[in-house]
Amino acid sequence: MNSISGALRTVYGWWWLVLPPVSGVAVMAMIIGALVVAPREIVEGEVQRLLYIHFPSILAAYGAFAVVAVASVVVLWRRDMRWDAVARGAATVGVLFTGLTLATGALWGKPVWGTYWTWDARLTSTLVLFLIYAAYLLARAMADELDEAAARFAAVFAILGALDIPLVMFSVTWWRTLHPQPIVLRPGGNPAMPPEMLLVLLIAFLGIGALAVWLTVLRSEAEWLAKRTAALRAVADRYEGA
Amino acid sequence: MSPAMAVVLKDLRLAWRDRAGWASAGAFATIAVLTYSFAFDLATGDVRPLLPGVLWTTFLFAGIFAGGQSFARESEEGTFDALLLSPVAPTVIYLGKAIANVIAMLVIEFAQLLLATILFDTNLVSVELLVIVFIGTVGAVSLTTLLATMSATMRGRAMLLPVMALPLLVPLLIGAVRATGASLNLEAGTAPWTLLLTVFALWSAMLSVLLFPMAVER
Amino acid sequence: MEHLMQLEFLFAGFAVFWAGIFVYLLLLQGQLRALQREVDRLEERLAEAETAAAPRPTPRP
């Protein structure tokens with residue numbers, strides 16, 4: 001156990017050397033690539049350039065939610081509160097990026113579809129995802145930092161949420177595909193994407209992915225610090241009260 | 001008598017003793033159906049297509065509020081901790097509460113179906129619809145009971161519970177509204193909604209039984 | 001005309017995205033700084049209490 005946490009600390013030290021520069025450079029390259037290098041999409045025009053932040057954002061959010069699920073299992077299994085901090089950090093970043101996906105998607109949808117919002121299957125499931133993890137954060141924020149029962153409750157809720165996602169996807173697809181919408185979804189899945197677009201998209205994956213990992217690390221550290229502070233305060237109060 | 005039976009009977013007795021709480025859940029559901037019926041009647045002439053949505057949002061909210069209450073007394077009196085220390089398996093404790101909650105909710109829902117039959121002039125007491133309501137209630141109540149147990153000691157739980165439960169219940173809501181619509185010959189598509197509802201009910205019941213012991217472990 | 005509209009939405013999308021990230025980072029930085037300060041203060045408090053208590057151990061109540 002000690003060697004594992006030692007190894008984790010070493011990796012953590014490396015992250016500080018690697019993540020900020022990598023995400024910084026990749027994000028710069030992504031902005032230039034998305035706005036200058038990538039060709040203009042013929043059907044949707046300039047606004048299609050939002051793809052390079054919209055699509056990587058939702059993938060980063062999915063990654064973050066996967067981390068939440070794994071960390072929550074470890075919280076229940078090992079009762080290690082450090083993983084509770086990781087789960088909270090990842091959930092915050094997941095909610096942030098889901099929110100950014102919804103926001104950029106709405107701004108993309110207005111000129112292309114003619115509406116900011118529609119109860120399409122994918123939009124609905126993304127919104128439900130946002131709501132589930134926002135509720136998770138809310139529940140966690142309502143409880144005391146050191147409340148282990150609340151941490152386990154949140155972990156159970158996160159696992160429920162993760163296992164609910166397939167059901168949500170399934171149900172909204174059944175619900176919507178039976179009522180075809182006049183709106184054609186963006187042709188993002190088009191395999192005949194020009195190589196420049198693909199390259200910029202790959203850089204965007206790298207940049208936003210590294211940014212999300214870095215933000216998760218920062219946030220988890222903040223949560224862990226908050227726990228340590230609360231524990232220290234409890235000790236100090238007991239000491240001075242005695 | 002087996003301990004499992006004893007726990008279920010204890011929870012039913014508790015629910016009966018707390019009948020004022022359940023009556024207020026029933027009153028809430030009645031007021032909700034009346035308000036919906038009234039407010040929608042102001043907006044549109046034909047309220048019948050809205051009926052499945054009215055019923056299920058009412059059922060879900062009433063179930064969440066009532067479920068949140070159902071553990072409050074036990075956690076206040078400390079009997080919940082005593083029960084956890086007893087040799088009874090946590091799964092049995094959970095099942096006792098969930099079964100009592102399902103029975104109480106079914107009574108409330110049946111009353112709402114009768115009320116809506118009159119208000120919306122549509123026969124809602126059919127075998128098909130009762131089966132749908134039963135499956136949907138099992139799915140919703142098993143999940144809300146789990147969440148209510150775990151949040152029993154939390155502050156702000158009354159507001160938090162719907163915020164946590166409803167996003168998880170979206171598949172159930174879709175399946176239940178659509179299945180109810182189909183049984184009332186409203187336009188509802190052709191997907192197997194009752195199957196979706198059943199899958200969700202099994203999913204939530206099984207997961208709750210599995211996760212409850214981990215959640216309450218001291 | 002339509003072309004111009006599209007640029008506005010593109011700009012708005014990027015602006016919202018980076019504003020979101022930036023605000024998040026600012027909030028995080030503030031939180032981290034406040035926490036680190038409190039940890040330091042508490043550690044000092046503990047150390048003080050320890051040195052004060054060391055010469056004559058307080059009798060247990």
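Every chain is numbered from 1 and lettered A, B, ... according to where its sequence line falls, protein lines coming before strand lines.
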(request) Measure the spacing between CG of B:L207 and CD1 of A:I159 and express it to the nearest 0.5 Å. (result) 9.0 Å
(request) Among the options B:V170, B:L160, B:V163, B:V199, pick out the one with the most heavy-atom pairs lying under 4.5 Å from chain A. (result) B:L160
(message) Distance check, rounded to the nearest 0.5 Å: A:S171 atom OG versus B:L196 atom CG?
(response) 5.5 Å
(request) For atom CH2 of A:W117, decide whether the heavy atoms of other residues, nucleotides or ligands shown that lie under 6.0 angstrom number more than 12. (result) yes
(request) Calculate, to the nearest 0.5 Å, the distance between atoms CZ and CE belonging to A:F153 and B:M214 respectively. (result) 16.0 Å
(message) For A:L163, which atoms come within 4.5 Å of any heavy atom of chain B: side chain, backbone, both, or neither?
(response) both
(message) Quick check: do A:F157 and B:L146 have side-chain heavy atoms less than 4.5 Å from each other?
(response) no
(request) Would you indicate whether B:F28, at its atom CZ, is surrounded by more than 12 heavy atoms from other residues, nucleotides or ligands within a distance under 6.0 Å? (result) yes
(message) Which atoms of B:L172 are under 4.5 Å from chain A, going by heavy atoms: the side chain, the backbone, both sets, or neither?
(response) neither
(message) Can you give me the closest heavy-atom contact between B:M164 and A:A139, atom names plus distance?
(response) CE-CB, 3.5 Å
(message) Show the nearest heavy-atom pair for residues A:V128 and B:P167, with the distance to one decimal.
(response) CG1-O, 3.6 Å
(request) Tell me, with the steps shown, if B:W203 and A:D164 meet side-chain contact (heavy atoms from CB on, under 4.5 Å). (result) CA-CA 9 Å; B:W203 175 89; A:D164 199 29; 3.7 Å; yes
(message) As a test of understanding, state which of A:V168, A:L167, A:L131, A:L160 forms a side chain to side chain contact (heavy atoms under 4.5 Å, CB included) with B:L168.
(response) A:L160
